[in-house]
There are 2 protein chains.
Amino acid sequence: MNPYGVVVTKKKFVPFAFIAVDIVVLTIRDRQLQVIAVRRGEEPDVGKLALPGGFVKKDEDLEAAARRELVEETNLEVEFLEQVKTYGAPDRDPRGRTISVLYVAVVPDLPEGEAGTDATEALWVPVVELEKMSLPFDHSIMLADAVERARAKLEYSPLAASFCREPFTIGQLRRVYEIVWGKQKYDIDPANFQRKVLSAKDFVVATGEVVSDGPGRPAREYRLGTASILNPPVTR
Amino acid sequence: MNPYGVVVTKKKFVPFAFIAVDIVVLTIRDRQLQVIAVRRGEEPDVGKLALPGGFVKKDEDLEAAARRELVEETNLEVEFLEQVKTYGAPDRDPRGRTISVLYVAVVPDLPEGEAGTDATEALWVPVVELEKMSLPFDHSIMLADAVERARAKLEYSPLAASFCREPFTIGQLRRVYEIVWGKQKYDIDPANFQRKVLSAKDFVVATGEVVSDGPGRPAREYRLGTASILNPPVTR
DNA sequence: CAAATAGTGTCTCTTAGACAGTATTAT
DNA sequence: ATAATACTGTCTAAGAGACACTATTTG
């Protein structure tokens, strides 16, 4: 089955293709960077894990399609979606020429079973696990590209806060950086990190509250500030 | 004319769309950041200036399509093409649903008339001029996105050297930064810039030659080094 | 000669990182 | 009390920018 058709514009034949979106949704669960995956219910690769995604509808915006597919397949509603890259190798989908636009999103740690545990069969998988598996289409490359984008954005954007539920503490934020960047506990100096975050203008604002969680001195609580770029950046 | 068709996969109707690529090619001419534009020969917007680009062929890779269109419409062959973003608003092209993948490229200052002065009607236009014009489709947004990408990449990649023919001098490189970032002459301190470039590991390597061009002490010549990211970066 | 450009030296200020030390909690 | 976490203080080294100064060309 080949979707290629032609439409005559003046004297030219113009081929066309299916348009798809795929989404890498990242979160931190169990002190690991995890990604949501769905089990494929259709050929090709029925039964294999894959990134959520699907075809864009007529008159549907690309980002809207990504949101819709995410809800349909994983029950997840995300705030921000960032377009990462578009994949269009002629043979990337055996069903016919398909162009796929990749998005990445980040969500805070969710209560167990809030997403994907219903009939939809979506599940959280540690990124390092999914990277080892054989994924359909070019989903392995997509995963790598999206994770690298997220890692890079931690440096110069407030993305890290998207992994936390508000209000959050500086310690929680530090753990996000450690985990997403694959560092060991305390590889990032808590003292220096504290100053770095607080010196980045409008990254976070204190609520005035403190919260005690486990042993140790209670931590001040913060909310995300208005900054869209961190200055100075948080270096890797 | 609406290109939307449907193909049955199991029980679903899958719409499809035209796939296009557009390219922003930047250079420095006449101490200005310029972009190559083509005059449209087809509806819509016949006669208007637009970014070069066109439809992707059956079994053609996206980047290959961008290179082909660039040669066809502007006679330009570029080394590196970087994918910037994909535009897919349902109504962005009146001829029917079209998804366009945007690429950006950079070329050194070319001898007058080397590109685009034949029948193809391609011409170099200062970016500030083209930004003021009404462009077809969403080309104005594309132009802004591509220019911003190039400005950002100057900081942490050796992109600036792509604006120069090898070998080049540090002074020529400095002018690239000044012009692309829209700074006045000597806004960037030549002394500090020199050290910055030479301290960025593998950014440039000296050829050992010197060249004299106009008044002033002759400058050492350099070639691009092997670095793909600049460390430390050249800050804006 | 003056003007222009290339390149070095040096000073100051800021920032990054290492690390010691204090504060406050759970157990 | 001990361990764990939060936070402050302080020192050092490196980098950014300002600017004086030297070197070498054109006109």
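Side chains included, hydrogens not; waters and symmetry mates left out as well; all remaining heavy atoms used. Naming: A, B, ... by sequence-line order, numbering from 1 per chain.
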Options D/dA6, C/dA16, C/dT8, nucleotide nearest the side-chain atoms of B/A191: C/dT8

Separation of C/dT5 P from B/E178 CD (nearest whole Å): 11 Å

Listed nucleotide nearest any side-chain atom of A/S212, set C/dA26, D/dT25, C/dC19: C/dA26

Side-chain N or O of B/Y186 closer than 4.0 Å to phosphate OP1/OP2 of C/dT5: yes

Qualifying residues under ring-ring contact (aromatic ring centres under 6.0 Å, His included), relative to B/Y177, sequence neighbours excluded: B/W181, B/F193

Between P of D/dA18 and NZ of B/K196, the distance in whole Å: 10 Å

Under 3.5 Å donor-acceptor, B/S199 side chain and B/K196 backbone: yes

Whole-Å gap separating C1' (D/dA23) and CD (B/Q194): 13 Å

Check: B/N192 side chain, D/dA18 base, donor-acceptor under 3.5 Å: yes

Between P of C/dT14 and CG of A/N231, the distance in whole Å: 15 Å

Pair B/N231, B/Y156: side-chain N/O donor-acceptor within cut-off below 3.5 Å: no

Contact nearer the 5' end of DNA chain C, comparing B/L198 with A/G216: B/L198

Any A/R217 side-chain N or O less than 4.0 Å from OP1/OP2 of C/dT22: no

Interatomic distance, B/D189 CG vs C/dA6 P [rounded to whole Å]: 13 Å

C/dT8 OP1/OP2 closer than 4.0 Å to side-chain N/O of B/R220: yes

Gap between atom CD of B/Q194 and atom OG1 of B/T169 - 0.5 Å precision: 9.0 Å

Residue-phosphate contact under 4.0 Å: A/R175 side-chain N/O, D/dA6 OP1/OP2: yes

A/L230 CG to C/dT15 C1', straight-line distance once rounded to whole Å: 16 Å

C/dG17 phosphate, OP1 or OP2, under 4.0 Å from A/R195 side-chain N/O: no

Given C/dA23, C/dT25, D/dG9, the nucleotide with the shortest approach to the side chain of A/P215: C/dT25

Between P of C/dT5 and CD of B/E221, the distance in whole Å: 18 Å

Whole-Å gap separating C1' (C/dG17) and OH (A/Y177): 17 Å

B/E166/B/R223 salt bridge by N-O under 4.0 Å criterion: yes

